[in-house]
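In what follows, chains are A, B, ... by sequence order, proteins preceding strands, each numbered from 1.
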Amino acid sequence: MLPKKQGLYNPEFEHDNCGAGFICSLKGKRTNSIIHKALDILDKLEHRGAVSADGKTGDGAGILIDIPHHFLKDDCPFKIPKPQTYALGMVFLPRKMNQRNFCIEIFENELKRQKLSIIGWRDVPVNEDVVGDIAKTTLPYIKQIFVKPSREVIEEDKLNTRAFVARKRAENIIYKSKMSQSQYFYLPSFSTRTLIYKGLLLPQDIQNFYLDLKDKRVVTRLALVHQRFSTNTFPTWDLAQPFRYMCHNGEINTYKGNVMRMKAREELFFDKNIGDNMQYLSPIILPGKSDSAAMDMVVELLLHTGRSLPEVMMMLVPEAWEKHQSMDIKKKNFYRYNSCIMEPWDGPASVPFTDGKYIGALLDRNGLRPSRYSVTKDGYVVMSSETGVIDIEPENILRHGRLEPGRMFLVDMEEGRIVEDSEVKERIASKYPYGEWIKKNTLHLRDVPYTGNKTEIEVLDYFKRLKLFGYTEEDIKTLIVPMSLKGKESIGSMGTDTPLAVFSEKPQLLFNYFKQLFAQVTNPPLDGIREEIVTDTSIGIGSDENIFKISSKHAKKLIIQNPIISNEDLDKIKFIKHKNFKASSINATYRINSGLNGLEKSLESMLDKVQIAVKNGCNIIIISDRGVNNNLAPIPILLACSHIHHGMMKKKLRSKFGIIIESAEPREPHHFALLFGYGASAINPYMVNEIINFQVKSGSIKNLSSENAISNFNKAIAKGLVKIMNKIGISTLHSYRGAQIFEALGLSKKFVDKYFSKTTTRIEGIGLKEIELEILHRHEFTFNNNIEEFGGIGLEIGGSYRWRRNGEAHMMNPSTISKLQQATKNRNFKTYEEYSRLVNDQSKQLMTIRGMFEFTELDPIPIDEVEPWTEIVKRFKTGAMSLGSISKEAHENLAIAMNRIGGKSNSGEGGEDIERFSIDDNGDWRNSAIKQVASGRFGVSSHYLTNAKEIQIKMAQGAKPGEGGQLPGPKVNPYIASVRNSTPFVGLISPPPHHDIYSIEDLAQLIFDLKNANREARINVKLVSEVGVGTIAAGVAKAKADVILISGYDGGTGASPLTSLKHAGLPWELGIAEAQQTLVMNDLRGRVVIECDGQMKTGRDVAIAALLGAEEFGFSTAPLIASGCIMMRACHLNTCPVGIATQDPELRKNFKGKPENIINFMYFVAEELRVIMASLGFKTVDEMIGQSQKLNMNNAVSHFKSEGIDLSSILYKPKSDKNFAVRNVIKQDHKLENVIDFDIISRAGKALVDLKSIKLEFNIKNTDRSVGAILSNEISKRHGKNGLPVDSLHLVFNGSAGQSFGCFATRGLKMELIGNSNDYFGKGLSGAKLIVRVPKRATFKPEKNIIIGNVALYGATAGEAYINGIAGERFCVRNSGAVAVVEGVGDHGCEYMTGGEVVILGKIGRNFAAGMSGGIAYIYSENSIFENDNFNMEMIGLEDLKSNDLIRLNKLIQNHVLYTKSSIGKKIISNWNKSKKHFIKVMPTDYKAALELLANNKELNKNG
Amino acid sequence: MGKLRGFLEHQRLNEKNIQVKERVKNYKEFTIAPNEKELQDQGARCMDCGVPFCHSGCPLGNLIPDFNDAVYRNEWEKALKILHSTNNFPEFTGRLCPAPCEESCVLGIINPPVSIEMIEKYIVERGFKEGWIKAIPPKKRTNKSIAIIGSGPAGLAAAQQLNRAGHYVTVFERDEKIGGLLRYGIPDFKMEKNIIDRRVKILKDEGIKFKTNVEVGKNLSIKDLDSFDAIVLCIGASVQRKLPIPGAELNGVVQAMDFLPKSNRWVDGKSMIDKECHANGKDVIVIGGGDTGSDCIGTSNRQGAKSVTNFEIMPKPSNYRTDENPWPFWPFKLKTTSSHEEGSFREWNIMTKEFIGDKDGKLKFLKTVNVKWEKDDDNKMKLIEKPNSSKEWPCELALLALGFSGPEPSLSSQLKLELDENSNIKSNKNYQTNIPHIFSAGDVRRGQSLIVWAISEGREAAYNVDRYLMGSSNLPMKEGGDLPIK
C-alpha cells in the first residue's frame, strides 16, 4: 500500500518512532474503564505522534486488550465455546467484495488444512466518518473470525500454532496472488487471549472508529496502547501498532542485519508439530514492513519454538552482558548461549509486550527510550513513555519506577504480581545447563594451541604485491604507520574534494564504491568510546543450528575477541584440529589473461568449492587471495566475500559455516566494515602485517616490535569498526555482521543485484566488466611497469588526503585556490571567472555528480530582468564553523561580512561571546545570525538563543556524520573556554548523539523547546545526505522544522577520522533531490525551506542545487579560502599558519582576511548565478526551485567508468494530480498558543518589568512541555544574560510536568515543582533555580522512587536544581555550570560534564563520569561502598573530600533540605560528622591539572 | 609527516658563503655546507601542507614536502630517491634554480619560506658522497634508437629517461664538451664543471652515447639522422638579442654569451685569455639586469675589473612582493645575487643610446639617458626618455646581457620544421613537431627559460617519444598542476 519506488524515493527507507504504554490490573479485575484510561494515555502522548498533511491522518494508533469473551458471546449470533478454547482473529480484508471473498476463501481453506473449523465471522462495527482522507484511501474491510479445533481437544499452545501456520500460509498465497488489493489482507491479531483494534487513526478516534470499544460490556484486565510517529511519509493500516505480541517505541537499529540473518536461518527450521508446513512459513519476515513489525514476526515465531515470551524477549534484546563484571554467572551463560543462536535486536527500543498471560516491557542495552511506570495502592500498574499520563492521587502511589537499560519489567497476569527483573531472569537462566553446554562446546581462539603450521611465504616480490593490491605511498604513510604507532586512526581536517570512485581516473578498490550509512534523527548514533560497556566486537564462528531446538549443539562456536586477526591466529584456525571445527581455504584469484569471463567463472567455481567443503563437514571457510603472480590476479576480496555470502544463502547453506578473510586488500576501517557487513566473521589483513614488518625493519616505525605494531593496528581497526557501527547505532559486531548497511555509489544495478543483493544503488555505474578492467590496469602496472628503474618511486603517490600532481585530483588545488584568493582580494570578476571556469570544468571532468549535468531548455531573457545580486545573497549562508575550531578573527570576519549583505553566518557549536550580540560603533555586527545547537551544547543558553535569527540543530555533519566533534586541548584557550563555559586547555568532546534526540519525536520536542526559547527564530535542522534522507526530511518537516539543511558528505571539518571524511554520507545532489521528491510527493514541501551545502563553490553549483530543490545555500571552504585559507589541512593541529583554524596567539596575528573578501565572493557567485538564470529564463531564484527539467545529463563527457551512470532518478519529478507546492510557501504552525508561559507572563508583570519579587502557582500536566522557555526568552530580551534578581519570580507547579520542564530557564526564576517530571528536566538550564519535591500527601519514599526522567540538566550552563528523588539515565550530561543535588541517578551520570557541581545522595548507575572533563561530583553511600565497576575511570580520579569540599557540600545539602524537605538530606545533615565520611569526590584529572595550572599562572588567564 | 610546529621553532637558514675578499680570488664555488642537524631543522620547517603550492610552483613537480620530511627524519637515501623520482639532475637545479618553489612556499606567506633549494642540493650531494648515485643501465633494450641534439639540461634529461625506457640514445653536441649552456654559460663559481662531468659519467655508464664536436646540419648531415627512430631537438634558444645603436660594432662591445664561454674555457684550461674580451683593469658596464648580467659581474670582478656597473632599463623593483604579483605567483622583486655583493654599481631606468669609441675602434664611453615608464591609453607600459638626462660613462668593456630571441634557424630550416610566432620550433602538447618523429624540448620549444623547465621539458618529451615509439609509456610524467603564471 506504500507508493512504489520512484525517482529517489524508496518505501524501504521508512522509519518510525512512537509513544506507547499499558495499564493492567494486578488483581485481575476486568473493567471497561481500563480501555478508556489506556486511550487517555495516548491522548496525553499526542505530542509524540505525527499528523500528515491532511491534518487528520495519524501515523497510526491502536489498542490491545483481553478477548472480551462475554461481550462477544452476547453479541455474536453464533455460539462461542469456553475462553481459550477458540482463537479470535481480527481480519483486515480488501474493500472490493470479489477480492474480499477470494481472501476469505483462501484463508478458510488454510484453516481447514490445519484442522481448524470456523465458528463464525463477525462484522466489526466501525464509523468510517472519522477516518482522514489519506487514511481512507487504504481503509480495509474489517471482520473478526472465530475458530476452534475441528475435532479433538488440543492444548491452547497447539491451537495458537495451528492458527499461526494457517495465517502464514494464507498470507503467502494472497500476497503472491497479484490481486490489486492483496496487501489489504492482514490479521492484526489472531489469538486465544488477545485482541487488537488498530488503524490509521488519531488516538482520540480509535474508540470513535471501533464502536466496540465504547460498549460498556467490553472489559479487560490489561490494555496495551500505541501511537506512531513515523518519518513514514505514507503510513498504512497494517503498520499501526500494537502488533500481535509487542509494540515498540524507538527504532531497531540492527534491523537490516537481523532480517538478513533470519533469512539465512530459515534453511535450518524444523519442527515436528509444524512439519511440512514449515516451507510455507517463509519468509518469516515479510518484506516491506516496519522494523517493529519484523521483530514481532520473529517474536511470534520464537513463541512457537517452546520459549516463553519473557525468554524470547531476553534472547532478542539481551542486556550488555559482555563486559559486565558483576553479572550473575548463570544469567551471563544464558546470554552467552543465546548469542550463539541470535544476534541482538538492538534499539534504541522500549518494547512493551504481552501474550495475555504476561504483560511487560523491556529496554535495550543502551537505554535510550524513556519508560516510566507507576504502581498504585489499589492494584494497577501504568507504564508509558511518560509519567503523568493518568491522573493518580499522590496518596494512591505505591511506587514510581523506570525501566533501566537491559532490564525487564514484567507482570504475571495469572499470579497477579510484578515479577522483578532478577527473579524472572533467574528463572529463565536456570531452565537449562547453559554454563555446562558452553564449557563443553564453545572454544576460544586464545585457547587454541599454536601448532607452528605456517602459511607458505608468498613467492611474488613484496613491492610487486603492494602495487598489485593498489597500495600507495600515502596508504602506508598516512593510514597504516600512524595506526600501528598509536593504536588509533589518524585525524584529518577540511572536507574531501576528490572525485567519487566511479569518476576517478585512478584505479579504485571496490571498497571505495560503497558509502557508510549512519543514523540521524530517527535513531541515534551511539557513543562506543564513552559508553564502551555496551559495545562488543567478539564474534562466534561455526555452523548454526535449528532454532526450534534448544540443545548443547548450538554452543559449538569458535569465539574470537577481536576479529581482526594476526597471521599466527589465522594459522591456528587454518590448521585447527578439533572435533567441532574444520576449516578449508578457498582461493580468490583468477587468470588475468582469461579476462572478464575468467573472473566470472572463478567467482562461480568458488561457490562450488564452498559447497563441497561444507558437504565435507567444514564449518569455517577461509577466503584467501594469497598466491597471486603474473598470471593470477586477485579477485576483489569484498566481491568474493559477498558473493559467497549471498550465493550460499541462495543455496540454503549459509548457516553451515563462517567466513574468514585472508586478504592483502583491506587496510582501513572502512574496508573491514564492508567485509563484516557482507558476511565475514574474521579478517586477517596479511599484507598490512607484512607492511608493518617492513616498516619496523626499515626503521620507519621506531621503538616498537612488529608484534606490538601489528597488534596496535588491529586495535585501531577494531576501534574504527566500533565507530562505524556506532554511527548507525549498532553496539555489537554480532548484529553488524551481514547487515550490509551501505549504499553503493556508481555500481550498476545488475552488478549489485547479483553480488551485493539488497544494497541500494541509485545512479547506476560500473559493473563486473569495468571492475575487471581496473584489476587489469593494476596488474599491468605491477608487471609491465618497473617505474623504479625509470627513477620513479615504486608505488603510486596517492594524493587522496594531500594534493600531489600525480595523485588523485582535487577540486581545491593550487590553481583554483590562488585564483579565488586573487579574485576576492581585488574584487576582480574576470579572475573569479577564471576560478569558476577551473572549478566547473574540473567538475565536468567527472569529479562530481553535478559536473555531469548540463543546462537545457534555455529560454534567455535580458540579465537586467533577473533579480539583483543584493537580493540573491540573502539566501547565502556561511557554514557552521565554531569559534574554537576557527579563530576569533576569522569567525567575526565571517559574521561581519554576512551581516553587511543580509546573508547569515553560523555560530557553529562553540557558543558566542555576548559582546557580539550588539552592534559595534562602526555599524558592523559580529553577531552570527544562525546559532547552532549541537550535541555538546556549548554556550547554549536562553540569552544565546534569544539573539538568533535562526537556530540550527546539527543532527549530523557531512565530514563525519554520526560522530561527535572534538576540540583539542591546545585550542581551548581561556577566551574559547569562557565562551564555551569550560576549563582552559582541557580538550572538549561533543557526544555522537544529542542526548535529547534518540528519535523523531525527541527532535520534535527539541524543535518545540527551541521555538519556545525564541519564537522569532526559524528552526533549522541539519541533515547529511544519505539514502533515505528524503524520508527523514519528511519526518523532520512533520516535526515542524522551518528549514531543513541537507549537507553533502564532502563538507569541511576541524577534525575528523580520515575514514569518515571519505566514506560516510553522499553528495548533496542525491540528498537534495531525494528530499525534494519525497516532500513534494506527500505535500510537505510547502511547509519547509530546503537548504543545501557541501563543497559549494560557484554560481553553477548554486544553480544546480536550486533546480534540484534547494532555496538557500551554504558555503564554508570557499569563504575561508577568500579569507586566506590555503587548505593546509592542519585545523586539528592548531598550527594553521594563516591564523584561521588556530588559537595560537602568534599565528592568529597572521590572519589577513577582510569582510570584503567574503562579500566579493558572495557577489561573484550571485553574479555567475544571474547569468545562468538569464540564460534559463528565470527572473527570481524562487522560480527556479525544483525545476529539474532544466537539467540533463551532459553527454559530451565520458570515461569508461562513467558510461553506465544514469542520473534520471535525480532529475525525477514526482507526478501528482494535485498542485502540491515545490518550494516553501507557508509557515509551520508550531502550536505554541497553549503554553503555560503566556499565562505566567500575563501574571508576572511585576517581576518582569518592575523587578519585584512575586510568587505564582499553577497546575501542570505532562502535556505542558518546555515550561519556562518562553518566559526566559522574554526575560533575556529585556534583561540580557543577567535576567531578573535572584529568586524574584517564584513559580510553583502542582502535578506531573511534561518534557523539558525549566528548559533554558534563566536567572531570577525559582521554579518549584510539586509532583514529578518527565525527561529533559532543566535542559540547557541558564541560571534559574529548579526544585522538585513530592506532594505532602504522598507516602512513598522519594529517595527510592524515580522523580524526574532521563537526561536531566543536559547542557545546563548555570543555575541550581534540587531534586527530592531519583533521576533517570544520563543525569547532567554536558553540564557546564549548574549545581544539582539529587537522591540517585541512572546509568551514565555526569557524562561529558565540563563544569558545575553535582551531589548525589544515593545510588549511581553504571558508567558514571564517562568523558567527564570538568566539574565536581560528590557521591554518598550509606555504607561507603563505591563499586569501581560503576565508574568510568578514563578521565577521573576518586578522592577523599578536603575541608573546603566539606563546607561546600554541607551548604548544598542544607539548601536541598531547605527547598525540598528531603528526609535523606535531613538525615545526613543531622549526622554530619558521621555521614560526611560516606562521601567520595569525583574529580576529572585534566580539570584538576588545568585548575592548578591556572592558579599558578595568572598570565594564562588573560584572553589569548 | 613533517615536524608539528617546526616552522615556529626554527628560522630559515640560507646557505653561507665564503667572504667576498676570498672568493673573488678564484672561480671556485664559495658556499659553506650547513651541517646535518641544521639541514634537518630546515626540513622540519616544512608544514606538510594539504595543498603544497611548492610542488605546483616547481616546474618539475618535485615532491618537496616528501623529501623535506625525509630529511627531517634523517632518512637521506629515501630523500634522494624521492628527489630523483622527479628530477634527473638535482645538483644543477640545487645550485642554479631561481627556486619558484620557494616563492610559492606556503610558509612564505608569513615567514621566510622553507630553504627548499638548499635542501635539494645537499640531498644530492650527500647521495654522491655516500655513493648512492650509481648508473642503473636498463634491463631490457627495445632496439629503437633516438638522436638527441643538444646536451643542455633538456637534452640530458630526455636522454636519461629514454635510455631508461630501453632505447638506444645518442646525444649530439656541437661543442667539445657536454652540457651546453650549463657548461659554457654558467660560471664555475656558480657551478664547478666537475659537477657536470660526474653526472655525464653516470649517463655514459648507463649506456648513453655522446658525440661531441658534432653539429648537425654542419659536420653531420641531416640525412645521417634518418637511421634514428626518433629525434629530440634540445638545441636551446641561443640567438642573442642585439643592441642596434651607434657604436655597437666597436671593440669592447661584447655579447655576454661570448664573454662567459671564453672565461669558462679559460678556467677549464682549454683556451688562452682573449684580452679584448677580458675585464682586467677595465671599467666594465653590464647592460641587462638579469641572471646572465649578474654572471658577467661576478666574472668581471674575478678577472680584475677596475669597476663594474650594471644597467637596467626597467625601474628598480621593490624589495618585497607587491600586490601585482601576489603569493603564490612568481614575484618581480629586487634580486641581489652573490655577484652583486662582490662589487658593482647598479643603475635603473637607464637606456644606452650610443657606444663611443676611440680612433682605433675601441670602446671608451657609453652615452645614456634616463627613462621613465608610464601607462598609455591601452594600459600598456610605455617608455619615455627624460629630457636633459644624457650622461657619458667611461667604459672599456660593455657586456650585453639582453637575453635570447630564439633558437638558431639553420637546423629547423634544414629539417623543414614549422616555427611559432616567437620563432621557436612549434610542437604540440605532446612535444611533437610537424614531422612526427621529431620532437623538441627545452628553450628551443618554449623560448628562453629556466634550467628547471629544461629538465622538465626533457622528461615530458621523453615520455611522449617513448609513447610514440612503443604505443604506451611507463615513463613517469608530472601531469598537470603547474601553477598559473599569474
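Of the two parts of B:Gln160, neither the backbone nor the side chain holds a non-hydrogen atom closer than 4.5 Å to a non-hydrogen atom of chain A. Neither the backbone nor the side chain of A:Met494 has a heavy atom closer than 4.5 Å to any heavy atom of chain B. Only the side chain of B:Val106 has a heavy atom closer than 4.5 Å to any heavy atom of chain A. Using a 4.5 Å cut-off between heavy atoms, B:Asp482 touches chain A through backbone and side chain atoms alike. Proximity to chain A is absent for every atom of B:Leu107, based on heavy atoms less than 4.5 angstrom apart. Interface residue B:Cys58: only backbone heavy atoms are found under 4.5 Å from chain A. When heavy atoms are compared at a cutoff of 4.5 Å, A:Gln821 approaches chain B solely by way of its side chain, counted from C-beta outward.
Contacts with chain B were tallied for A:Lys1152, A:Gln822, A:Arg1129; A:Gln822 has the most, counting heavy-atom pairs under 4.5 Å. Contacts with chain A were tallied for B:Ser104, B:Pro52, B:Gly57; B:Pro52 has the most, counting heavy-atom pairs under 4.5 Å.
Open room surrounds NZ on B:Lys134; 12 or fewer heavy atoms of other groups in view lie less than 6.0 Å from it. Remark: A:Lys825 NZ is loosely packed, at most 12 non-hydrogen atoms of other residues, nucleotides or ligands lying under 6.0 Å away.
Closest heavy-atom contact between A:Ser700 and B:Glu75: OG-OE2, 3.9 Å. Between B:Val51 and A:Ile1126 the shortest heavy-atom distance is CB-O, 4.0 Å. For the pair B:Cys49 and A:Arg802, the tightest heavy-atom approach, listed with the atom from each and the gap, is O-NE, 3.5 Å. Residues B:Gly481 and A:Trp803 share a closest heavy-atom pair of O-CH2, 3.8 Å.
Judged by distance alone, with hydrogens and angles left aside, the side-chain atoms of B:Arg5 form no donor-acceptor pair with the main-chain N or O of A:Thr1135 at under 3.5 Å.
Proximity of B:Leu63 to A:Asn806: side-chain heavy atoms (C-beta onward) are nowhere separated by under 4.5 Å. Residues A:Lys819 and B:Pro484 are in side-chain contact: their nearest non-hydrogen atoms beyond the backbone lie under 4.5 Å apart. Looking at A:Leu1147 and B:Phe7, their side chains come closer than 4.5 Å, going by heavy atoms from C-beta outward.
From A:Leu1133, atom CG reaches atom CG of B:Leu4 across 5.0 Å, with rounding to the nearest 0.5 Å. From A:Met1128, atom CE reaches atom CE of B:Met47 across 4.0 Å, with rounding to the nearest 0.5 Å. Atom CG in B:Asn474 sits 9.0 Å away from atom CD in A:Glu780 (nearest 0.5 Å).
Under a 4.0 Å N-O distance rule, the pair B:Asp66/A:Arg804 qualifies as a salt bridge.
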